[in-house]
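Below, chains carry the letters A, B, ... as their sequence lines are ordered, and counting in each starts from 1.
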Protein chains: 2
Amino acid sequence: MAVRTRRGEPLSLDEIHATALRLIDAGGAEALSMRKLAAELDVNPMSLYHHVENKTALLAGVCGLAISQLRLPPDDGRPWQEQLRALAHAYRSLAQAHPRLWAYVHEHPEVVDRKEGMGAVLRRILHAAGVPERDVEATSEILYAFVTGFVYAETRDHLGEHPGAEDVDRSYEIAIRLILAGLASGEAFDTQP
Amino acid sequence: MAVRTRRGEPLSLDEIHATALRLIDAGGAEALSMRKLAAELDVNPMSLYHHVENKTALLAGVCGLAISQLRLPPDDGRPWQEQLRALAHAYRSLAQAHPRLWAYVHEHPEVVDRKEGMGAVLRRILHAAGVPERDVEATSEILYAFVTGFVYAETRDHLGEHPGAEDVDRSYEIAIRLILAGLASGEAFDTQP
DNA sequence: AGCTCCAGCCATACGCTGTATGGATACGCT
DNA sequence: AGCGTATCCATACAGCGTATGGCTGGAGCT
C-alpha cells in the first residue's frame, strides 16, 4: 500500500491542506498553484490528485477547515443585541485569522453553506429581536451581506497598510451599532401586515 | 500610418473596450482572454497591446467605462433619506446593468476611486443626516461596504437562479430601511464627545 | 523624388497554469 | 506465488499573458 516516496512519509490530506493554507496565507489564493504546492511538499504535482479531486476541491477543503474553527455563540439567556455582537465577532475573528483565505471565501461564497450553522443562529437571534417571521430569512441574508461586505473591505485594507487598529475597531463598533439600532427600531418591516 | 489589416478598419480603443465588455457580460471576467478577445476582433492577439498596456489595464478601462455611467444624484433640497436612497439606487442599477463585470469590480476595488464622485456625495449626505464630523469618513466607508456587500450577493444569486424579482426588491427595501433607521437613531456615534 | 520615421500589426517563443493519461512501485491479502 | 490496490511519477496537451523583434506602408520633410 505504501510506495517509496522521494520524501519520508507518504502524503496525507491534512498535510496538503495545512501547507496549502500556509501558501495562501503567504501569497493569497491566486498564488497557490498545484505545482508550487507539490514542490513545497517535495512531491510530484500529479501525486496531489490522489488525495484531492482538483484544485477547486482542494480550496474548498481548506476553506471548510477554516470555517470549522468558527465557534458559534450558544443560546444563553443574554439579550439578542449581545448575541448578535458575539456572532459578528466570531465571524470577524475568523476572517482576521486568515485574511487572504477569506478573500477567496468572499469571492466564492458557494464553499460556505449558509443554511448550516451560522445561518440558523442568525435566524434565531433575529427572531428574538422581534423581526416578523416572514422577514427573518431575508433579513438574515441582508445582515450576512452587510457583515461580509464590511469584513471583506476591512481585511483588504488591512493587507495594504496598517492605518492604526484603533480607527478600525471604532469603525467596527459604529457598523455594529448601526445594525443594532436599525433592527431595534423596527421601522424596516412595516410595509404590509 | 495605417497598415493593411486583415480586417477592414484598424483597431480602436473604444472597439476593444466594447467587445471586451460584451465578452465579460457573456461569460464573466475570468472567461475573457486576450486571445479570445483578439479572435472576436479578427486580429492578432499581440495587436491589442498597441492600444492597451496589459490585461489589467484593459479591465480597468472597461470598469471605468461602466462606472462613468453612474449618474450621481444632485444636491437638491430633498431630505437626506431620499438622497441616500437615490444614491444607493444609482449604484445598484449600475451593478444590475453588467452583473458579471460588477463581480470583477467587487473583487478588485482598486479600479474605483472611492475618494471621487460617489464618496463625496455620500459624505455630504451623511453630514446632512447629522452624523458627527469625526465619524463621517468611517461611516461612509461602512455604508459603502454594506451596499456593495448587499449588491454583490444580490447580483451573484441573480446570476444563478431567478427567485422572483418581488422578493429581491422587498429585500432591498428592508436593507435600505435598516440603514436609514440605524442612521436616524443616532445611537451609533455616542461613545465619547 | 527620395528619404526617414514610426504607428500599427503580426509571428514566434517562453514560462506558467490545471490536469488527462498511463506506467511504475511496493505493500497486504489470499 | 501471485494478485489487487494504493500511491506516486513522467509525459503531454491546451490554454494563458506577454517579451521580443520584424514587417509594412503612409506621413512629413528635404
**Q** From C:dC10, C:dA13, D:dC9, pick the nucleotide closest to the side chain of B:Met46?
**A** C:dC10
**Q** So, taking the atom named OG in B:Ser47 and the one named CG in B:Asp42, what distance separates them when rounded to the nearest 0.5 Å?
**A** 10.5 Å
**Q** Check every atom of C:dT19, C:dC9, D:dT18 against the side chain of A:Lys55 and return the nucleotide holding the closest atom.
**A** C:dT19
**Q** Counting the atoms with a prime plus P, OP1 and OP2 as sugar-phosphate, which does B:Leu58 contact under 4.0 Å by heavy atoms, base, sugar-phosphate, or nothing?
**A** nothing
**Q** Examine C:dG8: is either OP1 or OP2 under 4.0 Å from a nitrogen or oxygen in the side chain of B:Ser47? Give yes or no.
**A** no
**Q** Could you measure the distance from the CG atom of A:Leu180 to the CG atom of B:Leu178? Nearest 0.5 Å is fine.
**A** 11.0 Å
**Q** For A:Asn44 and D:dT11, give me the distance from atom CG to atom P, rounded to whole Å.
**A** 10 Å
**Q** C:dG15 C1' sits how many Å from A:Met34 CE, rounded?
**A** 19 Å
**Q** Using a cut-off of less than 4.0 Å, is there contact between a side-chain N or O of A:Asn54 and OP1 or OP2 of C:dG18?
**A** no
**Q** Is the closest side-chain donor-acceptor distance between B:Asp14 and B:Ser12 under 3.5 Å?
**A** no
**Q** Can you spot which of A:Phe146, A:Tyr144, A:Tyr152 makes a ring-ring contact (aromatic ring centres under 6.0 Å, His included) with B:Phe146?
**A** A:Phe146
**Q** How many Å lie between CG on B:Leu37 and C1' on D:dC16, as a whole number?
**A** 14 Å
**Q** Take the protein atom NZ of B:Lys36 and the nucleotide atom P of D:dA14, then report the distance between them rounded to whole Å.
**A** 15 Å
**Q** Whole angstroms only, please: what is the CG-C1' distance between A:Leu13 and D:dC8?
**A** 16 Å
**Q** At under 4.0 Å between heavy atoms, what does A:Leu48 touch on the DNA or RNA strands: base, sugar-phosphate, or nothing?
**A** nothing
**Q** With the side chain of B:Arg35 defined as its heavy atoms from C-beta on, choose the nearest nucleotide among D:dC16, C:dT17, C:dG8.
**A** D:dC16
**Q** What is the distance, rounded to the nearest whole Å, between atom CG of A:Asp42 and atom P of D:dC9?
**A** 8 Å
**Q** Verify the distance criterion only: is there a donor paired with an acceptor across the side chains of B:Glu133 and B:His127 at less than 3.5 Å?
**A** yes
**Q** Return the nearest nucleotide to the side chain of B:Tyr49; candidates are D:dG17, D:dC8, C:dT19.
**A** D:dG17
**Q** Which residue lies toward the 5' end of DNA chain D, B:Glu53 or B:His50, if each is placed at its nearest nucleotide?
**A** B:Glu53
